[in-house]
Participant: 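One structure, pasted below without further comment.
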Amino acid sequence: MTDAVIAERRPAVLELEPGEYWWCRCGRSQSQPWCDGSHAGTGFEPQRFDVAEKKRFALCQCKHSEKMPLCD
Ligand code: FES
């Protein structure tokens, strides 16, 4: 497995509706912070992120947070 790519050095601050989301773990997605399938062949898998109520989140884009998928 290769290292995760740093997509951005700042979080993506988004207000999310309740639902199931798939956060990009590898950093290669062109649809940050979400998985677009670009992880194929890297050994990375996206991380599921469930949102129970509408809320604002700061999602990690450097891919090195200790609180993935949230920015730390
Ligand atoms: Fe990065 Fe899927 S594109 S985990």
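Atoms within each ligand, like the ligands themselves, are counted from 1 in listed order.
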Participant: I'd like to know: is atom 1 (Fe) of ligand 1 within the 2.8 Å range of an N/O/S atom from Cys26, strictly under that distance?
Facilitator: yes

Participant: Rounded to 10°, how many degrees is the angle ND1/His39-atom 2 (Fe) of ligand 1-SG/Cys35?
Facilitator: 90°

Participant: Closer than 3.5 angstrom, by distance alone: can the side chain of Trp34 be matched with the main-chain N or O of Ser29 as a donor-acceptor pair?
Facilitator: no

Participant: In terms of atom number and element, which parts of ligand 1 are under 4.0 angstrom from non-hydrogen atoms of Asp36?
Facilitator: 3 (S)

Participant: Calculate, to the nearest 0.5 Å, the distance between atoms CD and CD1 belonging to Gln61 and Ile6 respectively.
Facilitator: 11.5 Å

Participant: With the side chain counted from C-beta on, respond yes when Lys54 and Glu15 share a heavy-atom pair under 4.5 Å apart, and no when they do not.
Facilitator: yes

Participant: Give me the residue, atom name and distance of the protein heavy atom closest to atom 4 (S) of ligand 1.
Facilitator: Arg25 N, 3.3 Å

Participant: Please check if the side chain of Asp36 supplies one atom and the backbone of Gln30 the other of a donor-acceptor pair under 3.5 Å.
Facilitator: yes

